[in-house]
Enquirer: 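Quick one: the structure is below, and I'll ask about it shortly.
Heavy-atom basis, side chains included; hydrogens, waters and symmetry copies ignored. Quick caveat: nothing in here was measured; it's all calculated off a predicted structure.
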Amino acid sequence: AVQQLKAMLLSDEHARESLGTGEERDDDLDSDAIDLMLSQADVRAQQLRLGMAEENLKSAAERAEGWMHDLEADSKPRRQRQRATRKAAQALTTLGSFQAEHGRPLAAVMGLQRAVKLTKKALKAAYALSGSYEGQVPFIIDINCDFDGSAKAHVDVNVKVASKRFNCATEDIAETDAQITFPNTP
């Protein structure tokens, strides 16, 4: 009996591994649940069950926004948050379009405006600064900066002529299309 239980547990473990990590599986389940709600709404709309279709769309939007907020509250990686944000924008856009098509333009505007804000947010995050910069004036100064897409950078400045090295692991940065500044540096 112990051997059978051990074999069952091992089988369950292999099944979990084949689905991916817990985080990936949870994200897939959330995404699939939202897609299912959107598909159900489409079927109900085709059947002219418009009230039920709208309820499915509202549920999909609420689930997507809840997923997005949970990931943000838990400070999950940007890739996960972007996926949830895209799904929330999709659900809100679908809901807004449905409401506009079926005589509820004021309700549609709210969801569509929210979808636009989420899309802008996702695009801004997608174009966040990431990469590195290396510069030097031989025998005078070396500068190395690493940018990870967050509002912080790892900055290493070696002022050779003064024999001083400044290594800032998490320096605050502010960025525009034209420049990067260090707002907390005197």
Side-chain angles (χ1 to χ4, degrees), residues 13-14 16-35 37-38 60-97 109-186:
E13 186 175 326
H14 289 302
R16 280 192 300 275
E17 287 174 1
S18 71
L19 290 173
T21 67
E23 289 287 330
E24 290 169 347
R25 190 176 70 237
D26 287 347
D27 286 350
D28 288 344
L29 289 173
D30 282 319
S31 182
D32 290 346
I34 294 161
D35 287 339
M37 289 177 204
L38 294 173
E62 288 172 9
R63 172 96 184 238
E65 286 194 288
W67 175 31
M68 180 186 71
H69 291 303
D70 288 346
L71 293 176
E72 287 173 357
D74 295 341
S75 299
K76 295 296 183 183
R78 182 173 34 142
R79 188 178 128 270
Q80 275 182 279
R81 293 190 319 263
Q82 285 179 324
R83 181 180 181 192
T85 301
R86 285 190 306 269
K87 190 57 75 172
Q90 176 191 3
L92 288 165
T93 301
T94 305
L95 173 61
S97 296
V109 168
M110 302 277 284
L112 292 171
Q113 285 177 336
R114 178 80 178 124
V116 168
K117 286 180 185 176
L118 291 176
T119 302
K120 284 182 181 179
K121 178 181 174 183
L123 287 173
K124 183 178 178 183
Y127 293 108
L129 178 64
S130 63
S132 61
Y133 168 81
E134 295 179 17
Q136 70 174 355
V137 176
F139 308 111
I140 297 173
I141 191 170
D142 285 339
I143 302 170
N144 294 300
C145 300
D146 293 314
F147 305 97
D148 64 2
S150 69
K152 306 233 181 251
H154 175 233
V155 180
D156 182 13
V157 179
N158 184 0
V159 185
K160 294 178 177 184
V161 294
S163 298
K164 296 275 185 185
R165 185 174 201 130
F166 304 93
N167 193 349
C168 306
T170 56
E171 184 68 30
D172 289 331
I173 62 169
E175 58 183 285
T176 66
D177 289 341
Q179 67 181 355
I180 300 167
T181 58
F182 301 92
N184 297 334
T185 304

Enquirer: Considering non-hydrogen atoms only, spot the tightest contact between A88 and M68 and give its length.
Expert: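 Minimum heavy-atom separation between A88 and M68: CB-SD, 4.3 Å.
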
Enquirer: Measuring from L95:CG to M37:CE, what's the distance to the nearest 0.5 Å?
Expert: 13.0 Å

Enquirer: Closest approach of L118 and A89, non-hydrogen atoms and distance?
Expert: CD1-N, 4.0 Å

Enquirer: Just jot down the salt bridge (Lys or Arg N to Asp or Glu O under 4.0 Å) partners of D27, sequence neighbours excluded, or say none.
Expert: none

Enquirer: Between CZ of R25 and CG of D30, what distance do you get to the nearest 0.5 Å?
Expert: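 If I round to the nearest 0.5 Å, the distance is 12.0 Å.
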
Enquirer: Would you please name every residue forming a side-chain contact (heavy atoms from CB on, under 4.5 Å) with A73, sequence neighbours left out?
Expert: none

Enquirer: If I compare all heavy atoms of A115 with all of L92, which pair ends up nearest, and what's the gap?
Expert: CB-CB, 3.9 Å

Enquirer: Could you note down all residue pairs passing side-chain hydrogen bond (donor to acceptor under 3.5 Å, both in side chains) where residues 87-97 supplies at least one of them, sequence neighbours left out?
Expert: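 Output for this query lists D35-K87, K87-Q90.
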
Enquirer: Determine the minimum heavy-atom distance between S132 and F147, stating which atoms define it.
Expert: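 S132 and F147 have their closest heavy atoms at CA-CD1, 4.5 Å.
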
Enquirer: Please report the closest heavy-atom contact between A91 and L38, naming both atoms and the distance.
Expert: CA-CD2, 4.2 Å

Enquirer: Could you tell me which non-hydrogen atom of D172 sits nearest to which non-hydrogen atom of P183, and how far apart they are?
Expert: O-CD, 3.6 Å

Enquirer: Check whether any side-chain N or O of R165 sits under 3.5 Å from a backbone N or O of D156 as a donor-acceptor pair, and report yes or no.
Expert: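 Checking the backbone N and O of D156 against the side chain of R165, no donor-acceptor pair under 3.5 Å is found.
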
Enquirer: Between D148 and D146, does a side-chain contact (heavy atoms from CB on, under 4.5 Å) hold up when you go through it step by step?
Expert: CA-CA 7 Å; D148 64 2; D146 293 314; over 6 Å; no

Enquirer: Within this structure, what is the CG-CD1 distance for the pair L29 and I34, rounded to the nearest 0.5 Å?
Expert: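 Between atom CG of L29 and atom CD1 of I34 there are 11.0 Å.
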
Enquirer: Take V155 and F166 through the side-chain contact (heavy atoms from CB on, under 4.5 Å) test and state the conclusion after the steps.
Expert: CA-CA 8 Å; V155 180; F166 304 93; over 6 Å; no

Enquirer: Nearest 0.5 angstrom please: N184 CG to E171 CD, how far?
Expert: 7.0 Å

Enquirer: Which residue, Q80, R83, Q82, forms the side-chain contact (heavy atoms from CB on, under 4.5 Å) with L71?
Expert: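 Single pass found, and it is Q80.
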
Enquirer: Pair H154, N167 - check side-chain contact (heavy atoms from CB on, under 4.5 Å), show working.
Expert: CA-CA 8 Å; H154 175 233; N167 193 349; 2.7 Å; yes

Enquirer: Is any side-chain heavy atom of I173 less than 4.5 Å from a side-chain heavy atom of F182?
Expert: yes

Enquirer: Crowded around K117 NZ? As in, over 12 foreign heavy atoms under 6.0 Å?
Expert: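 Check fails, neighbour count at 12 or below.
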
